[in-house]
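Each ligand, and each atom within it, is numbered from 1 in the order the structure gives.
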Amino acid sequence: MLVVLISGRGSNMQALVEAGLPVAAVISNRADAGGLEFARSRRIPTAVADHAGFASREAFDEALAREIDRHRPRLVALAGFMRVLTPGFVARYHNRLLNIHPSLLPAFPGLDTHARALAAGVKLHGCTVHFVTAELDSGPIVIQAALGVRPGEQPAELAARVLRQEHVIYPRAARWFLEDKLVIQDAVVRVKGDDAQLVLAAD
Ligand code: GAR
């Protein structure tokens with residue numbers, strides 16, 4: 001079982017659900033997150049942990065962890081969860097907290113990844129699923145999808161193409177985790193059975 005954390009649209013959470021993964025609950029830090037609607041329509045338990053109501057990051061993360069732990073998930077999946085997490089939270093879910101990030105990490109951590117990639121003139125861009133460590137958008141890489149940047153491409157078009165790949169690689173990574181196929185050694189992830197950890201997108 002996994003719990004998915006969202007802040008907005010929730011298309012990656014939707015991809016996890018539609019791939020048939022056992023999503024026990026969807027938790028958002030925003031009551032207006034679009035993804036909550038989808039989760040409710042699938043009768044998946046939802047909760048809102050509004051960070052605005054807490055005096056400190058630590059207090060919020062503590063409340064969030066309590067909400068997560070009610071479901072006793074093996075895996076916690078961040079899916080567009082736009083909050084920086086405290087070291088205590090990250091440590092609590094050590095090696096069972098995954099994130100999806102819209103760049104080929106370690107390039108372009110942080111926000112506005114597609115515009116920054118275009119501004120840098122990179123020819124290859126994509127997305128990454130990784131285990132979460134205390135540093136922002138870092139941690140052992142589980143799988144990446146890469147695509148060629150088109151000449152003159154705009155950020156919105158590139159974002160849409162990358163998002164399609166996010167929906168491919170996140171369910172794959174979560175399934176590997178739940179099937180106990182992921183081995184982390186010296187901060188490098190291997191998949192038992194040697195399934196490909198790189199998707200080269202054709203479109
Ligand atoms: C996704 O593109 C995800 O990779 C990104 O936010 C978007 C959420 O979309 N996450 C980050 O930038 C985290 N650093 P979604 O709500 O439709 O899944």
*Asks:* Measure the distances from the heavy atoms of Ile6 to every atom of ligand 1 and state whether one is below 4.0 angstrom.
*Replies:* no

*Asks:* Determine, using heavy atoms of Met82 and all atoms of ligand 1, whether some pair is separated by less than 4.0 Å.
*Replies:* yes

*Asks:* Using heavy-atom distances, let me know which of Pro102, Ser103, Gly8, Gly110 sits nearest atom 12 (O) of ligand 1.
*Replies:*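 Minimum heavy-atom distance to atom 12 (O) of ligand 1 goes to Pro102.
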
*Asks:* What part of Thr113, side chain from CB on, backbone N/CA/C/O, both or neither, has a heavy atom under 4.0 Å from ligand 1?
*Replies:*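 Under 4.0 Å from ligand 1, Thr113 contributes no heavy atoms.
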
*Asks:* Under 4.0 Å between a Lys/Arg side-chain N and an Asp/Glu carboxylate O for Arg30 and Asp50?
*Replies:*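 Asp50 and Arg30: not salt-bridged.
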
*Asks:* First locate atom CD1 of Ile27, then atom OG1 of Thr46, and finally report the distance between them rounded to the nearest 0.5 Å.
*Replies:*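 That separation rounds to 9.5 Å.
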
*Asks:* With a 4.0 Å cut-off on heavy atoms, is Gly10 touching ligand 1?
*Replies:*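 A heavy atom of Gly10 does come that close to ligand 1.
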
*Asks:* What residue and heavy atom of the protein are closest to atom 10 (N) of ligand 1, and at what distance?
*Replies:*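 Minimum-distance protein heavy atom for atom 10 (N) of ligand 1 reads Ile100 O, 3.6 Å.
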
*Asks:* Within the side chain of Arg175, is there an N or O that forms a donor-acceptor pair under 3.5 Å with the backbone of Ala19?
*Replies:*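 Yes: the side chain of Arg175 pairs with the backbone of Ala19.
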
*Asks:* Among His101, His167, Arg9, Met13, whose heavy atom sits nearest atom 9 (O) of ligand 1?
*Replies:* Arg9

*Asks:* Got a salt bridge between Arg92 and Glu62, using NZ or NE/NH1/NH2 to carboxylate O under 4.0 Å?
*Replies:*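 Result for this pair is yes, salt bridge flagged.
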
*Asks:* Look at Glu18 together with Arg42 and state whether they make a salt bridge at an N to O cut-off of under 4.0 Å.
*Replies:* yes

*Asks:* Heavy atoms only: which of Ser11, Gly80, Pro109, Ser7 lies closest to atom 15 (P) of ligand 1?
*Replies:*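 Of the listed residues, Ser11 has the closest heavy atom.
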
*Asks:* Starting from atom 3 (C) of ligand 1, find the nearest protein heavy-atom neighbour and note its residue, name and distance.
*Replies:*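 Ranked first by proximity to atom 3 (C) of ligand 1 is Glu166 OE1, 3.3 Å.
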
*Asks:* In plain terms, say whether Arg74 and Asp180 are close enough for a salt bridge, that is, a side-chain N and a carboxylate O under 4.0 Å apart.
*Replies:*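 Yes, Arg74 and Asp180 are salt-bridged.
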
*Asks:* Does Arg96 qualify as a cation-pi partner of Phe177, given the criterion of NZ or CZ under 6.0 Å from the six-membered ring centre and within 45 degrees of its axis?
*Replies:*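 Relative to the ring axis of Phe177, which defines the angle, Arg96 lies outside at least one limit.
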
*Asks:* Under 3.5 Å, N or O to N or O, is Asn99 touching ligand 1 that way?
*Replies:*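 Such a contact does not occur with ligand 1.
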
